[in-house]
Protein chains: 2
Amino acid sequence: MTKFEIKDEDYFELADFFSAFSDSTRLKILVNLLKGEKTVTEICNLTGISQSAISHQLTKLRIMKLVKGTKSGKFTYYTLDDEHIETIINYSLAHIMEL
Amino acid sequence: MTKFEIKDEDYFELADFFSAFSDSTRLKILVNLLKGEKTVTEICNLTGISQSAISHQLTKLRIMKLVKGTKSGKFTYYTLDDEHIETIINYSLAHIMEL
DNA sequence: TATACATATGAATATATGCTCATATGTTCA
DNA sequence: TGAACATATGAGCATATATTCATATGTATA
């Protein structure tokens, strides 16, 4: 049971948070980053999704503070920037597996 | 760490699952149902959202098997139909409160 | 230095989504 | 029975979203 008051703006913030996980491309990116740091090209190869689409989604994930990108030479190394991602994805994955 | 293989279709299913939580109206409905069974009109009054909008979103939540509606006379009593909802919402709520 | 590689990003487009409005269906009760 | 109430749903509309295509920027290397 939710024990505290949830303000109207909290619902929008919460909806935005869940939106980050509501797209298969972003989920694929996040799941791949669970295994460790990756460059954009590596994520493209692992997912089979175009460079542009991956880059656009990484930008969104960066804005949402879920991933972090570190530039080094011609590469940008991406890592997860939020410790809750793994728990939420694994919990929800276990959930849909039950169905 | 995710220990098993995630199939391509699983990503779409997972994205659909998160989509259920990615709208403030649906979140408001779900949070209100955490407190127990409610009729459509009660949810409208508690949220200040129109009957039509609530009914449309309840239909979506029903299709996604997150809520269940039981007709009795002129009322339809809605309840949560998935034990994971409370955990996921509370965990994510705690998360955004940290920011 | 010229070329290939790595990444980011704007514009255009197609599709999805959520709301309102109107209305249909069914129930209760005076 | 007729009016008020409760809910569901289709159509239309406005907005959001994801992708592709083209291109810009920066780096490495032959």
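The sequence lines fix the lettering, A, B, ..., with proteins before strands; numbering per chain opens at 1. Side chains are part of it too, since the values below use all heavy atoms of this structure and drop only hydrogens, waters and symmetry mates.
One N or O donor and one acceptor, one from the side chain of B:Gln51 and one from the base of D:dA8, sit under 3.5 Å apart. Under 3.5 Å, the side chain of B:Thr25 and the base of C:dC19 form no donor-acceptor pair of N or O atoms.
We find that CD1 of A:Ile49 is positioned 15 Å from P of C:dT7, with the value rounded to whole Å. Rounded to an integer number of Å, the gap from CD1 of B:Ile54 to P of D:dA8 is 11 Å. Spacing between atom CZ of B:Phe21 and atom P of C:dG18 amounts to 14 Å, rounded to whole angstrom units. Atom NZ of B:Lys38 and atom C1' of D:dT7 are 18 Å apart (whole Å). Computed from coordinates, the B:Phe12 CZ to C:dA16 P distance equals 12 Å when rounded to whole Å. In this structure, A:Ile43 places its CD1 atom 14 Å from P of C:dA6, rounding to the nearest Å. Rounded to a whole Å, the CZ atom of A:Phe18 is 18 Å from the C1' atom of C:dT17. Regarding B:Asn45, its CG atom lies at a distance of 14 Å from the C1' atom of D:dT7, rounded to whole Å.
Of the candidate nucleotides C:dA22, C:dT9, D:dT7, C:dA22 has the atom nearest to the side chain of B:Ser52. The nucleotide whose nearest atom lies closest to any side-chain atom of B:Thr41 is, among C:dT20, D:dT7, D:dT19, D:dT7. In the set D:dA18, D:dA8, D:dT20, the nucleotide with an atom closest to the side chain of A:Arg26 is D:dA18.
Salt bridge status for A:Lys28 with B:Asp8: present, with a side-chain N to carboxylate O gap under 4.0 Å.
Toward the 5' end of DNA chain D, the nearer of the two residues A:Ser24 and B:Leu58, judged by each one's closest nucleotide, is B:Leu58.
For A:Thr59, no side-chain nitrogen or oxygen approaches OP1 or OP2 of C:dA8 to under 4.0 Å.
Screening A:Lys68, A:Arg62, A:Glu42 against A:Tyr78 for a side-chain hydrogen bond (donor to acceptor under 3.5 Å, both in side chains) leaves a single residue, A:Arg62.
A 4.5 Å side-chain heavy-atom check between A:Val31 and B:Tyr11 finds at least one atom pair inside the cut-off.
Contacts between residues 66-81 of chain A and DNA chain D, counted as heavy-atom distances below 4.0 Å, involve A:Gly73, A:Lys74.
The closest donor-acceptor contact from the side chain of B:Arg26 to the backbone of B:Ser19 lies under 3.5 Å. Under a 3.5 Å cut-off, the side chain of B:Asp10 and the backbone N or O of B:Lys7 do form a donor-acceptor pair. Checking side-chain atoms of B:Ser72 against main-chain N and O of B:Phe75 turns up no donor-acceptor pair under 3.5 Å.
Using the six-membered ring where Trp is involved, B:Tyr91 and A:His84 have ring planes that are perpendicular, over 60° apart on the 30 and 60° scheme.
Counting any heavy atom pair closer than 4.0 Å across all strands shown, B:Gln57 reaches sugar-phosphate atoms only and no base atom. Within 4.0 Å (heavy atoms only), B:Thr39 reaches sugar-phosphate atoms of the nucleic acid but no base atom.
Atom-to-atom distance recorded for B:Ile6:CD1 and B:Glu13:CD is 12.0 Å, nearest 0.5 angstrom.
Between A:His56 and C:dT9, a base-stacking contact is recorded: ring centres under 5.5 Å apart, planes less than 30° from parallel.
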